[in-house]
Enquirer: 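Sharing a structure here in C-alpha cells format.
Note that these values count all heavy atoms, side chains included, but never hydrogens, waters or copies made by symmetry.
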Amino acid sequence: MKKFFKNFLMFALMIALGVGVMVFLKKTKQPLVHQANEMTARPVELITVTKQAFEASVVAYGNVEPASTLQAKSQVNGKVSFVHPKLKVGGSIAEGEVVVEVDPEDYQTSLTQSQADLAAANSQLSQLNQEERNVRQALVVAEENLKVAQANLGNVRRQDEPVRKNTDYIQKNLNLARQNLQITQQNLALAKKEQARLQKLAQQRLIALSQAESQQQQVLQLEQQVVNQQQAIVQMEQQLSQQDQSEAKQDQSVLQQQQAILQQQQQVTELQGQLKTFESRRANINAQVKRVEQQVKGQKTNLGRTKITMPFSGRLSAVHVEVGSVVAVGTSLFEADNNQGVEIRAELPVQHLKSLLASFNGRHLDYSAANMAILMQTLNLKAKVRILGVDQQTEYLARVDRLAEAVDLVSRTIGVVVVVDHPYEKVAGQELPLLKGMYVEVILSAIQADAIVIPRKTVHQGRVYLMNAEQRLEIRSITIQNQEGDHVVIASGLQGGEQLIVNDLIPVIPNMPLRAVSQALANDKPLTLKSEGVQ
C-alpha cells in the first residue's frame with residue numbers, strides 16, 4: 001500500500017512538472033513573422049465599355065429583272081389591221097399608245113345590233129308601264145262605279161219599302177171592303193126576304209102599306225150600298241194592280257242595279273287580274289333587257305379589246321405579230337418590260353437577315369402576306385445597288401419591297417426583293433443603267449441602334465476579361481447578339497463603364513492583380529457591321 005501511494009505521488013509530480021514547463025514556454029514564446037509573397041501585377045490594355053450607335057449591314061447579290069412584264073395576248077378573234085411602227089424587239093413605246101389593233105368592223109356590227117335589241121326591249125318595257133298605268137286608272141274608275149251602283153241599289157231598296165207598305169195597306173182595306181160587301185149582301189138578302197113577307201102581309205091587308213114601302217126603301221138603300229161597296233172594291237183592286245205594277249218596276253230596278261253591280265265587280269276583277277299579270281310580264285321584259293344589256297356590255301368590251309394599248313412606258317423584249325396576220329383568242333402578240341422600275345432578288349443567309357433584325361429583339365412582328373407592306377415600313381431597311389463586273393462605282397438607291405415566300409432548300413438563303421425606281425433616268429456620262437440581266441451587289445442596312453459593341457478579339461470562348469474596381473481580373477460570361485467582322489454586339493453580360501481587357505493574358509488566373517498601361521473608349525464613331533451574302 002505504501003509502495004502504491006509513493007508511485008502515485010511520483011506520477012502526479014511529473015505531470016505537474018510538465019504542465020509548468022508548457023506554461024513557461026508559452027509565455028516566453030516569440031510570435032511568428034509572416035513574409036508576404038504577392039503575385040506581380042500584370043500590365044493590361046483597357047477600353048471602357050460604352051453603348052454606341054451602330055448600323056448592321058449585309059451584302060447580297062442578284063440579277064436585275066423588270067419590276068413588271070407585260071405578255072400581251074389577243075382577247076378577240078380577227079385580222080390585225082394596225083401595228084405600231086416601233087413594235088420591234090428593243091423598241092420603246094410610251095404609255096397609252098395603241099400598239100396593235102384588230103379589225104373592229106364585225107364587233108361594231110354586233111354592237112349595233114345588240115343596241116337596237118336593247119332599244120326595242122326598253123320600248124316594250126315603257127309600253128308595258130303605260131299599259132299598267134292605264135289599267136290602274138281604269139280600275140280606280142271601275143271601283144268608283146261599283147260604289148255608285150251599290151249606293152243606287154241601296155236607294156232603290158229604300159224606295160221599294162214604302163211602296164210595299166202601301167200595297168199591304170191597300171190589300172188590307174180591300175179585304176175589309178170585301179168583308180163589308182159580303183155583310184151588306186147578306187143584309188140585302190134578309191131585307192129582300194123581309195120585303196117579300198111584308199108585301200104579302202100588305203096584300204092581305206094585315207099590315208099597313210107604308211111598312212112594305214119602308215122595307216122596300218131599305219132594300220133599295222142596301223142595294224145602293226152593295227153597288228157602292230163593289231165600286232170601292234173595284235177601285236181598290238185597281239189600286240192594288242197599280243201597286244203590283246209599281247212593285248214590279250221596283251223589282252226591275254233592283255234587278256238592274258244588281259246586274260250593274262255584277263258588271264262592275266266583274267270589271268274590277270278583270271282589271272285586278274290584268275294588274276297581276278304585269279308583274280310576270282315586267283319580270284320577263286326586265287330579264288330580256290338585262291340579257292341584252294349584258295350583250296351590249298360584252299360587245300363594247302370586245303370592241304374595246306380590238307385595240308391593245310401600252311399600260312406603261314416599256315421596252316419590247318419579244319414581238320409575235322404583224323399587219324395582216326389573223327389572231328385568235330389567246331394568241332401571243334408581244335412582250336414588254338416596264339421602264340418605270342427594276343427589282344433584284346438578293347439571296348441572303350438567314351443568319352445575316354437576323355443581324356439586320358437585331359434591334360427588334362423582343363418585339364412581335366407580323367410576317368403574314370396581308371401585313372407585308374406594314375412590316376417593310378416597320379423594319380425600315382435601307383438598300384443600295386451597285387453594278388458588278390464593270391468599271392463603274394455608281395450606286396442606285398433602292399427600297400426593300402418584300403421578303404421571299406420561302407427559304408431556298410439548296411443554298412439555305414432567303415430572298416430579299418429590292419426595287420429601284422426609274423433606273424433609266426439621270427444616268428451620267430458613260431455609266432450604264434440597270435439593264436435586265438445585270439449581276440449586281442445589294443447592300444442592305446438596318447436602322448441605327450444603340451448597343452454595346454466590343455472588338456471580337458476581346459471575346460474568349462463566350463467570356464470576356466474585365467479589371468474590377470480592386471484592379472483584379474474578373475472573368476465573365478456574355479451573350480452575343482450579333483457577330484460581324486471584327487466586332488460583336490453584346491446582348492447581355494456587360495454594362496457601360498466597365499473596364500474591358502484588350503490584350504491576351506497568359507496565364508489567366510481569376511482575381512490576379514492587374515495594372516493598366518493604356519485606356520480608351522471602345523469606339524467614338526458609329527459602326528457599320530457588314531457581312532457578305534451569297535454570290
Side-chain angles (χ1 to χ4, degrees), residues 75-78 102-168 240-307 329:
Q75 295 179 291
V76 294
N77 302 320
V102 179
D103 190 355
E105 183 176 356
D106 293 340
Y107 297 98
Q108 183 63 56
T109 302
S110 299
L111 175 60
T112 302
Q113 293 176 350
S114 298
Q115 288 174 337
D117 293 340
L118 179 60
N122 286 326
S123 177
Q124 292 179 1
L125 183 60
S126 299
Q127 183 178 358
L128 179 67
N129 292 333
Q130 184 60 44
E131 290 180 7
E132 183 180 12
R133 288 192 291 270
N134 294 339
V135 170
R136 289 189 182 277
Q137 292 176 357
L139 177 60
V140 172
V141 174
E143 289 175 344
E144 291 296 330
N145 292 336
L146 176 60
K147 292 179 181 179
V148 172
Q150 291 173 341
N152 291 336
L153 177 61
N155 293 331
V156 171
R157 284 179 173 172
R158 285 192 295 271
Q159 293 175 1
D160 183 60
E161 185 177 357
V163 173
R164 294 189 181 278
K165 287 183 179 180
N166 192 25
T167 300
D168 293 340
L240 188 59
S241 177
Q242 292 176 355
Q243 288 298 119
D244 290 339
Q245 291 177 1
S246 298
E247 288 183 359
K249 290 181 180 180
Q250 289 296 115
D251 291 340
Q252 184 68 25
S253 297
V254 170
L255 181 61
Q256 290 176 353
Q257 294 301 324
Q258 289 177 340
Q259 289 177 350
I261 290 174
L262 290 175
Q263 291 176 355
Q264 295 300 326
Q265 287 178 338
Q266 184 177 1
Q267 186 177 4
V268 169
T269 302
E270 289 177 355
L271 293 174
Q272 289 175 341
Q274 290 182 18
L275 285 178
K276 291 181 180 179
T277 63
F278 282 106
E279 183 177 355
S280 59
R281 292 171 61 188
R282 181 177 289 102
N284 186 25
I285 296 178
N286 282 331
Q288 183 179 357
V289 169
K290 289 182 179 179
R291 178 176 57 81
V292 180
E293 284 178 344
Q294 291 300 320
Q295 290 179 354
V296 170
K297 183 178 179 181
Q299 295 297 339
K300 286 182 178 180
T301 301
N302 288 334
L303 183 60
R305 288 172 177 172
T306 59
K307 291 184 179 181
V329 175

Enquirer: Would you give the length of the straight line joining atom CD of Q108 to atom CG of L303, rounded to the nearest 0.5 angstrom?
Expert: 5.0 Å
Enquirer: On a heavy-atom basis, which atom in Q75 and which in V329 lie closest, and how many Å separate them?
Expert: O-CG2, 3.6 Å
Enquirer: Pair Q150, L146 - check side chain to side chain contact (heavy atoms under 4.5 Å, CB included), show working.
Expert: CA-CA 6 Å; Q150 291 173 341; L146 176 60; 3.8 Å; yes
Enquirer: So, the side chain of N284 versus the backbone of S280: is there a donor-acceptor pair under 3.5 Å, distance only?
Expert: no
Enquirer: Just checking Q272: does its CD atom have more than 12 heavy atoms from other residues, nucleotides or ligands closer to it than 6.0 angstrom?
Expert: yes
Enquirer: If I compare all heavy atoms of A142 with all of L271, which pair ends up nearest, and what's the gap?
Expert: CB-CD1, 3.9 Å
Enquirer: Identify the two heavy atoms, one from I285 and one from A121, that lie closest to each other, and give their separation to 0.1 Å.
Expert: CG2-O, 3.7 Å
Enquirer: Distance from Q295 atom CD to S110 atom OG, nearest 0.5 Å?
Expert: 10.0 Å
Enquirer: Is there a donor in the side chain of Q130 and an acceptor in the side chain of R133, or the other way round, less than 3.5 Å apart?
Expert: yes
Enquirer: Find the distance between CZ (R291) and CG (N286) and round it off to the nearest 0.5 Å.
Expert: 12.5 Å
Enquirer: Roughly how far apart are D117 CG and E293 CD, rounded to 0.5 Å?
Expert: 12.5 Å
Enquirer: Got a second to check how far Q274's CD is from R136's CZ, nearest 0.5 Å?
Expert: 12.0 Å
Enquirer: Do the side chains of E132 and R281 get close enough for a salt bridge, i.e. N-O under 4.0 angstrom?
Expert: no
Enquirer: Please round to the nearest 0.5 Å and tell me the distance separating atom CG of N77 and atom CZ of R305.
Expert: 11.5 Å
Enquirer: If we only count heavy atoms from C-beta on, is the V141 to Q137 side-chain gap below 4.5 Å?
Expert: no
Enquirer: Given side chains that start at C-beta, do those of T269 and Q266 come closer than 4.5 Å, heavy atoms only?
Expert: no
Enquirer: Flag the pair T112 / Q299 as yes when at least one side-chain heavy-atom distance between them is below 4.5 Å, and no otherwise.
Expert: no
Enquirer: Output, in order, the C-alpha distance, side-chain angles, deciding distance and verdict of side chain to side chain contact (heavy atoms under 4.5 Å, CB included) for N129 and R282.
Expert: CA-CA 8 Å; N129 292 333; R282 181 177 289 102; 3.1 Å; yes
Enquirer: Can you name the closest pair of heavy atoms from L111 and K300 and give their distance?
Expert: CD1-CG, 3.6 Å
Enquirer: Are side-chain heavy atoms of L262 and Q258 found at a separation under 4.5 Å?
Expert: no
